[in-house]
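Every chain is numbered from 1, with letters handed out A, B, ... down the list of sequences. All values below come from the heavy atoms of this structure, side chains included, with hydrogens, waters and symmetry mates left out. Fair warning: this is a prediction, and the values are worked out from it, not measured in the lab.
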2 protein chains.
Amino acid sequence: MPETVENGLQRLILDTARQLLTTTGYAQLSMRNIAKTIGYSATSIYLYFENKDELVHALIDEGVDLLYERLVEANDSCAVPQDRLLAMCRAYVSFGLERPEYYEIMYVLHPEYIKRYPAEKYRKARKNLELIGAAIEGGRVHGPSADMDSFLAANLVWTQLHGVVTLLSSERVDKRIDPDQLIEGAYQHILRSLGIRDLGISDEVVEKRS
Amino acid sequence: MPETVENGLQRLILDTARQLLTTTGYAQLSMRNIAKTIGYSATSIYLYFENKDELVHALIDEGVDLLYERLVEANDSCAVPQDRLLAMCRAYVSFGLERPEYYEIMYVLHPEYIKRYPAEKYRKARKNLELIGAAIEGGRVHGPSADMDSFLAANLVWTQLHGVVTLLSSERVDKRIDPDQLIEGAYQHILRSLGIRDLGISDEVVEKRS
DNA sequence: TAGAGTAACTTAACAGTGTTAACCTACCTG
DNA sequence: CAGGTAGGTTAACACTGTTAAGTTACTCTA
């Protein structure tokens, strides 16, 4: 039984896994399901991936790249440095809500269910945060957190966005709350706290009073 | 086979489930494990709980109550209204990090793995957010978001805290980031954005510039 | 050309999961 | 004493990830 493309059952497995993940979700992503859809036995997957974790890690890798692309695109679409952070926040939330299956395996799945993402791959994931950190650094004008190091600030932004994405896509947010309002509120929250100029609304100045 | 306490294998099951959850985590919380530790057959659990989801919902209920207690305690421990929000934020994060198993079943578990928390029980969970909303309402002094309705603001605070808790306890935050710094940063983030006076640090005034 | 080796894949099986159907047994009641 | 029922049980189904062993079929070598 040859494969669809030149030399690559591994590729076929990964493609099928991705397709299964994005269409039916992680809960339905089983070794036997993958095998069934490509007409192989479940154990044949183990010839190309050590275990399910490694297979999922490959998908996480893809997700990290996908997110990275979106963040770079958002970054490049802004001429003014001050707009970059907001654009990247939008890109992050869009990714999280539009690709919930990717987001789940990347940032939601409990370490008990899936082994830690390997350290060397972890670096690439960190690049995403550093991109945000750079946008903060570049857009910083004034504000009370001007002294805070930008990597910490990036993580702070990340936690806020992550909270919005996860609570919204798990449908835990009250139905009376308008998702868009919550999302936009989070952006304002972030920009204001970091002392980056607000959009549309008039600029604000934060002064210290003895 | 009588039970340990008056009339209540149901109680015994729930007690065992809680003990198993808090000691070994949700991943090890199986019907057969529960049954084994109390010396009953796994199917006997179904005489008292319709399915595993219902059993877990009962545990979620407990978790919601536990969190509520902590929030009320935090609220009551503050004489000054302006301190309440911070105290409640601390209480929320403490709960999330100290009782990760409870937090997981309450706010992390994907809806695909566990059926939606029933609507009537959901109300109690909302009380927790309303408590935060009240603290915002009460502590509000000035600030750009003074017009924002407090329930939305509470949800915004929630997303921030939730992000901090989940990313920290899933160990996804870079090791170079000090957890306490991240947490405290989130608090400042929140207070500043809501225009509630900052702790320790001198008060801030937000003015509009034409 | 025969034989050995190996690459690629399969079947069978293990230990675990939630859940259902059928059964069994002891007690209480008419 | 007969019957119903409360409170359990065992067996089984359809899954899960994973391992060990077996089966091809092709290739390389003596």
Side-chain angles (χ1 to χ4, degrees), chain A residues 1-18 20-21 23-60 101 104-105 109-117, chain B residues 1-18 20-21 23-60 101 104-105 109-117:
Chain A
M1 266 189 212
E3 300 83 30
T4 50
V5 284
E6 30 132 280
N7 181 22
L9 179 50
Q10 172 153 26
R11 191 62 167 253
L12 182 58
I13 291 170
L14 199 58
D15 288 347
T16 310
R18 182 190 319 108
L20 230 57
L21 173 74
T23 56
T24 63
Y26 180 75
Q28 304 300 321
L29 180 65
S30 74
M31 302 304 246
R32 285 179 176 85
N33 274 145
I34 297 171
K36 198 195 303 169
T37 53
I38 59 177
Y40 283 79
S41 74
T43 54
S44 63
I45 300 177
Y46 288 86
L47 300 171
Y48 300 95
F49 296 93
E50 199 187 326
N51 47 36
K52 192 186 177 185
D53 284 341
E54 205 190 59
L55 177 53
V56 174
H57 284 159
L59 293 173
I60 291 178
E101 343 78 32
E104 182 184 2
I105 61 173
L109 273 192
H110 207 93
E112 280 184 36
Y113 306 111
I114 186 166
K115 284 189 190 70
R116 272 258 64 75
Y117 196 52
Chain B
M1 267 191 211
E3 301 82 32
T4 49
V5 285
E6 30 133 279
N7 182 23
L9 179 50
Q10 172 151 26
R11 191 64 168 252
L12 182 58
I13 291 170
L14 200 58
D15 287 347
T16 309
R18 182 189 320 109
L20 230 56
L21 174 73
T23 55
T24 63
Y26 179 75
Q28 304 301 320
L29 182 65
S30 76
M31 302 304 245
R32 286 179 175 85
N33 274 147
I34 297 171
K36 197 195 302 170
T37 53
I38 58 177
Y40 282 79
S41 74
T43 54
S44 64
I45 300 176
Y46 289 85
L47 299 172
Y48 299 95
F49 296 93
E50 200 187 325
N51 47 37
K52 192 186 177 184
D53 284 342
E54 205 190 59
L55 177 55
V56 174
H57 284 160
L59 292 174
I60 292 178
E101 344 78 32
E104 181 184 4
I105 61 172
L109 273 193
H110 207 92
E112 280 185 36
Y113 306 112
I114 186 166
K115 284 192 191 67
R116 273 259 63 75
Y117 195 52

**OP:** Not counting sequence neighbours, which residues clear side chain to side chain contact (heavy atoms under 4.5 Å, CB included) with Ser41(B)? List them please.
**Re:**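 Checked Ser41(B) against side chain to side chain contact (heavy atoms under 4.5 Å, CB included); matches are Thr43(B), Ser44(B).
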Subject >> Residues which pass side chain to side chain contact (heavy atoms under 4.5 Å, CB included) with Glu101(A), listed by chain and number, not counting sequence neighbours >> reply: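 Testing Glu101(A) for side chain to side chain contact (heavy atoms under 4.5 Å, CB included), a comparison that skips the adjacent residues, returns Leu21(A), Thr22(A), Arg99(A).
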With the side chain of [X] defined as its heavy atoms from C-beta on, choose the nearest nucleotide among [options].
X	options	value
Tyr40(B)	dT9(D), dC9(C), dT18(D)	dT9(D)
Ser44(A)	dT10(C), dT19(C), dG17(D)	dT10(C)
Ser41(B)	dC9(C), dT18(D), dT9(D)	dT9(D)

Original post:
When we call it a touch if two heavy atoms are under 4.0 Å apart, what does Ile45(A) touch: a base, just sugar-phosphate, or nothing?
Top reply: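 Answer is nothing: Ile45(A) stays at 4.0 Å or more from every strand.
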Original post:
With sugar-phosphate meaning primed atoms plus P, OP1 and OP2, does Ile34(B) contact a base, only sugar-phosphate, or nothing at under 4.0 Å between heavy atoms?
Top reply: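 Nothing, no nucleic acid heavy atom in range.
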Subject >> Earlier contact from the 5' end, DNA chain D, for Ala42(B) and Glu50(A) >> reply: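 Going by which nucleotide is closer to the 5' end, it is Ala42(B).
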**OP:** Fill in the dot-bracket string of DNA chain C, one character per base: . for unpaired, | for a pair to another strand, ( ) or [ ] for pairs within the strand, taking Watson-Crick or G-U pairs under 3.5 Å.
**Re:** ||||||||||||||||||||||||||||||
Subject >> Atom pair CG (Leu55(A)) and CD (Gln10(A)), whose distance is rounded to the nearest 0.5 Å >> reply: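 These two atoms lie 9.5 Å from each other.
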**OP:** Calculate, to the nearest 0.5 Å, the distance between atoms CG and OH belonging to Leu9(B) and Tyr40(B) respectively.
**Re:**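 Rounded to the nearest 0.5 Å, the CG-OH separation comes out at 5.0 Å.
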Distance in angstrom units between [X] [atom1] and [N] [atom2], rounded:
X	N	atom1	atom2	answer
Lys36(A)	dT16(D)	NZ	C1'	12 Å
Tyr26(B)	dT17(C)	OH	P	12 Å
Gln10(B)	dG8(D)	CD	P	12 Å
Leu109(B)	dG18(C)	CG	P	13 Å
Leu47(A)	dT10(C)	CG	P	9 Å
Arg11(A)	dA8(C)	CZ	P	18 Å
Ile38(A)	dA8(C)	CD1	P	15 Å
Leu20(A)	dT16(D)	CG	P	10 Å

Side chain to side chain donor-acceptor pair (under 3.5 Å) partners of [X], counting only residues at least two apart:
X	value
Thr24(B)	none
Ser30(A)	Asn33(A)
Thr37(A)	none
Tyr117(A)	Asp61(A)

Subject >> side-chain N/O Tyr46(A) vs dC9(C) OP1/OP2, d < 4.0 Å >> reply: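 It does not, given that no N or O in the side chain of Tyr46(A) lies less than 4.0 Å from OP1 or OP2 of dC9(C).
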Original post:
Which residue pairs pass the side chain to side chain donor-acceptor pair (under 3.5 Å) test with at least one member in residues 49-59 of chain B, sequence neighbours excluded?
Top reply: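 Residue pairs passing side chain to side chain donor-acceptor pair (under 3.5 Å), neighbours aside: Asp53(B)-Lys115(B).
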Distances for protein N or O near nucleotides 11-15 of chain D N or O, under 3.5 Å:
| from | atom 1 | to | atom 2 | distance (Å) |
| --- | --- | --- | --- | --- |
| dA12(D) | N6 | Arg32(B) | NH2 | 3.4 |

**OP:** Evaluate the side-chain proximity of Leu14(B) to Tyr48(B): yes if any heavy-atom separation is below 4.5 Å, no if none is.
**Re:**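 SC-SC contact between Tyr48(B) and Leu14(B) ruled out.
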